[in-house]
Amino acid sequence: MIVVVARPSATRRTSSSDEPAGPVVAVRAAPTSDAVLGPERAPRWAWADTAAWYPRLLTDGVRVERCLDLRLTHRILRASSATASATLAAAPPGPFDTATEPTAPAAPDTPAATLFDAVDDDPASAGHRGLAPHPAAGSPDEDECLAELAAQDAAVTGSSAPGRLRLLLVGESAGALAAAEMHHAGLPWDVAVHDEVLRSRLGDRPSRGERPATMARLAAEVRAALDAPTLNPDSLPDVLRALRRVGLAVSSTRQWELEGVDHPAIAPLLAYKKLSRLHSANGWAWLDQWVPDGRFRPEYVVGGVVTGRWGSSGGGALQIPRQLRSAVRADPGWRLVVADAAQLEPRVLAGLARDERMAEAGAGRDLYGGIVESGVVAERALAKVGMLGALYGGTTGASAAVLPRLLQAYPAAVGLVEDAARAGERGEVVSTLLGRSSPRPDAAWSRVQGDALDLDASDRAQSRARSQTRAWGRFTRNFVVQGTAAEWALCWIADLRRRLWAMGADAASPGLVAPPFVGRPHLVYFLHDELVVHCPAAWADEVAVQVAGAASAAGRLLFGDFPVDFPLSVGVAESYAEAKEHARLVVGRPA
DNA sequence: GATTATAGCGCG
DNA sequence: AAAGCGCGCTATAATC
């Protein structure tokens, strides 16, 4: 059964005095659940937008077991090749096509500026704000949600791969729940450790607008070495001019280019840039803004990347620098279980292409090592760079040099990404295993292609078109693998989320964790192929088992009986840094 | 003065 | 050695 949660429709509002005094919520059992999702044991909540409904529920200590996020699923079904002939795909833009409200990266010190605070369109219910969950004005109402559910139901049922699409839709929706829960719980962050890292590298915290002592010293060294007393090391053109003036033939100030240059100014300049990055991106200002209470709470943007990966907003959650991993620390008496999927994308490719030799190379072991043992290439580093080149479309250097050997050894896998590249070059749409489809190239792309076909097209126009063609091919090549890997990760996190809840609560270890997760192991961080669970210390080993089990289950969900392993590198420790350091390869069992 | 664009670097 | 995919964020430059 599906329970639709929405604003009441106008047809239910006979008069403004009928407006419910409490929650502005309408609930109705939808008639067609089994066709969309298959038979289920428990109700599934369907709502327009998890990000609009769920945070307030969590604040009230309520956890939702499963849902359908109609906006996210709508977006998938609108674009999918598998549902291209459905009414849903052809319909004009409706209430589910409007972009999710621009999630103003609301810093925690301004917690009010979120979806819930949009002014309600009905003055009669304006006074309910703060009393109960309710969506922003303009959010789809009950009738619209029911109609949407029926349209999605029809689209999936009439599609070329209903089972896979169903899995994708429930996975995406479960991801939305996990994302909201991680934001709610927050990543435990030790401000004192972070401060110590900053002080050891930068010196004491400077007053606003001042350079930290170490950076000031390095800037002076650079100025002296370049004989440029007024040089601003933060200005790229300024730095480039100064380098050229002392006779250095550099074309940019990129780190890798400068590293090859022999001059006394280079070392302090690179050191300055490194520290400057730390200070501006993750310095004291960042700490003040994003970790006010010992928790880092980024906003995860589910489906925020074309491939289905998540984006994030606020605080740069996808770029926590290695240097600061020691600041991510479990609460007293708790542990962090850190897991990342080893060589996820090549394994996903092996499953996608049903390439048994490649799957075998990764069976229960490091996949790159397995490629070497099979005699395909001589060194692990070559296997790695070659695989990455195949996934990204590398055309130069060592990567391109080993590609023929990989193609010979793994024709199914390498052939699949080559085909995806060719399709993209023709301007066609490609899709992931579960049916998420790539966008079409935009009008500008087609125009450039058209221009190159003119009889009097210039060489320049033709080469522009060729390079653009190849670029789109590299995108579609990577799309099928990155996108299917994202689907694996959704299944992984969804299954783990269930397992963790099923473990229950450790009454002896309440920790500093907010309801509904008091005493319970819970997800606190997710990054493409890596996740972190925060749990009572005594439960850490069991959590590690469940994390690996969920990875194995995810492999089964996507690839059935095809024998491809998804081993994890798992570490348990008080800090993220230590956990990474002590990580070991684990292969889980699905049951 | 407020905006948009770019370079550069962090992460997978 | 430093390109081949996907992001977010910052400071500065460029543009209105």
Side-chain angles (χ1 to χ4, degrees), chain A residues 103 105 209 211 215 232-241 250-261 269-270 272-283 285-286 289-290 298-301 303-325 340-346 348-349 381-382 384-403 417 420-421 424 430 438-439 467 470-486 488-489 525-531 569 576 580:
Chain A
T103 41
R211 271 198 187 101
M215 284 172 63
N232 173 9
D234 294 319
S235 165
L236 306 179
D238 221 12
V239 170
L240 203 54
R241 265 195 303 273
V250 289
S251 60
S252 74
T253 64
R254 279 186 219 109
Q255 199 178 320
W256 61 260
E257 184 172 356
L258 295 184
E259 273 165 4
V261 175
L269 177 59
L270 290 175
Y272 177 90
K273 283 160 68 80
K274 198 99 189 157
L275 292 179
S276 167
R277 166 84 194 187
L278 176 65
H279 181 239
S280 64
N282 295 97
W286 181 90
Q289 187 178 6
W290 297 110
E299 196 88 30
Y300 292 97
V301 186
V305 180
V306 275
T307 57
R309 275 187 174 182
W310 296 6
S312 81
S313 104
L318 274 42
Q319 324 150 221
I320 297 174
R322 276 192 162 77
Q323 294 174 292
L324 290 177
R325 282 181 181 163
D340 78 78
Q343 306 99 34
L344 176 59
E345 292 192 349
V348 162
L349 175 57
L382 277 181
K384 181 173 179 175
V385 79
M387 273 311 310
L388 292 178
L391 297 176
Y392 295 159
T395 56
T396 59
S399 157
V402 285
L403 192 59
V417 285
V430 298
S438 66
S467 98
R470 282 194 294 258
W472 197 258
R474 287 193 299 272
F475 166 63
T476 53
R477 167 196 294 271
N478 187 247
F479 181 95
V480 295
V481 180
Q482 188 183 120
T484 306
W488 179 90
Y525 187 62
F526 175 64
L527 181 60
H528 311 319
D529 63 355
E530 172 174 348
L531 53 77
S569 168
Y576 189 6
K580 287 292 242 186

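Computed from a predicted model, the values in this text were never measured in an experiment. Throughout, protein chains are lettered first and strands after them, A, B, ... in sequence-line order, and every chain is numbered starting at 1.
Across all strands, Glu257(A) comes closer than 4.0 Å to no nucleic acid atom at all (heavy-atom distances). Within the nucleic acid shown, Ser399(A) has no heavy atom closer than 4.0 Å to any nucleic acid atom. No contact: Val481(A) has no heavy atom under 4.0 Å from any strand. Among the protein residues, Gly397(A) comes within range of no part of the nucleic acid, since none of its heavy atoms lies under 4.0 Å from any strand. Here Ile320(A) lies in heavy-atom contact (under 4.0 Å) with sugar-phosphate atoms only. Within the 4.0 angstrom heavy-atom criterion, no nucleotide atom of any strand lies near Arg470(A). Across all strands, Arg277(A) comes closer than 4.0 Å to base atoms (heavy-atom distances). Nucleic acid contact for Leu236(A): sugar-phosphate only, since backbone atoms but no base atoms lie under 4.0 Å from a heavy atom of the residue. Within the nucleic acid shown, Arg322(A) comes within 4.0 Å of sugar-phosphate atoms alone, with no base atom in reach, counting heavy atoms only. As judged by a 4.0 angstrom heavy-atom cut-off over every strand, Thr253(A) is placed among residues touching the sugar-phosphate backbone only.
Nucleotide dG8(C) holds its C1' atom 11 Å from the CG atom of Asn282(A), rounded to whole Å. Rounded to an integer number of Å, the gap from Gln482(A) CD to dC5(C) P is 11 Å. Atom-to-atom, CH2 of Trp310(A) to C1' of dG8(C) comes out at 17 Å; the value is rounded to the nearest Å. Counting to the nearest Å, the C1' atom of dT12(C) and the CG atom of Leu240(A) are 14 Å from each other. Between the P atom of dC5(C) and the NE2 atom of His528(A) lies a distance of 16 Å, rounded to the nearest Å. At whole-Å resolution of the value, NZ in Lys384(A) and C1' in dG12(B) are 11 Å apart. One can place CG of Leu318(A) at 11 Å from C1' of dC9(C), the figure rounded to the nearest angstrom. Separating the CG atom of Leu278(A) from the P atom of dC9(C) is a distance of 17 Å, rounded to the nearest angstrom.
Applying the 4.0 Å criterion to OP1 and OP2 of dT10(C), one finds that Ser276(A) has every side-chain N and O outside that range.
For Gln319(A) and dG8(C), a side-chain-to-base donor-acceptor distance below 3.5 Å is present, hydrogens and geometry of angles not being considered. Looking at Arg309(A), its side chain has no donor and acceptor atom pair within 3.5 Å of the base of dC7(C).
With respect to the salt-bridge test (charged N to carboxylate O, under 4.0 angstrom), the residues Arg477(A) and Glu345(A) do not qualify. For the pair Glu259(A) and Arg254(A), the salt-bridge criterion is not met [side-chain N within less than 4.0 Å of a carboxylate O]. One finds a salt bridge joining Arg211(A) and Asp234(A) here, because a Lys/Arg side-chain nitrogen approaches an Asp/Glu carboxylate oxygen to under 4.0 Å.
The backbone N or O of Ser276(A) sits less than 3.5 Å from a side-chain atom of Ser280(A), completing a donor-acceptor pair. A donor-acceptor pair under 3.5 Å links the side-chain atoms of Ser438(A) to the main chain of Val430(A), judged by distance alone.
Ranking dG6(C), dC9(B), dC5(C) by closeness to the Lys273(A) side chain, first place goes to dC9(B). Listed nucleotides dT12(C), dG8(B), dG6(C) differ in distance to Phe475(A); the shortest reach to its side chain belongs to dG6(C). Each of dG12(B), dA11(C), dC5(C) was ranked by its minimum atom distance to the side chain of Asn478(A); first place goes to dC5(C). Out of dG8(B), dG8(C), dG12(B), the shortest distance to the side chain of Ser312(A) is found at dG8(C). Nearest to the side chain of Gln255(A), among dC9(B), dC11(B), dT12(C), sits dC9(B). For Glu259(A), counting side-chain heavy atoms from C-beta on, the closest listed nucleotide (dG6(C), dA2(C), dC9(B)) is dA2(C). The side chain of Leu527(A) sits closest to dG12(B) out of dC5(C), dA13(C), dG12(B). Comparing atom distances between the Tyr392(A) side chain and each of dG8(C), dG4(C), dG8(B) picks out dG4(C) as nearest. Taking only side-chain atoms of Trp256(A), from C-beta outward, the nucleotide of dC7(C), dA2(C), dG10(B) with the closest atom is dA2(C).
Closest approach of Thr253(A) and Leu236(A) over heavy atoms only: OG1-CD2, 3.5 Å. When every heavy atom of Pro439(A) is checked against every heavy atom of Phe479(A), the shortest pair comes out as CD-CE1, 4.3 Å. Heavy atoms only, all atoms of each residue included: Ser252(A) and Glu257(A) are closest at OG-OE1, 2.8 Å.
Ring geometry for Trp472(A) versus Phe475(A): interplanar angle of 30 to 60°, hence tilted.
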With Watson-Crick and G-U wobble geometry limited to distances under 3.5 Å, how should the secondary structure of DNA chain C be encoded in dot-bracket form, using | for bases paired to another strand and [ ] for crossing pairs?
-> ....||||||||||||
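Looking at Asn282(A) and Gln319(A), their side chains never come closer than 4.5 Å, going by heavy atoms from C-beta outward.
In this structure, Gly389(A) and Ala317(A) both approach DNA chain C, and ranking their closest nucleotides by distance from the 5' end singles out Gly389(A). Mapped onto DNA chain C by nearest heavy atom, Ala281(A) and Arg254(A) fall at different nucleotides, with Arg254(A) at the one closer to the 5' end.
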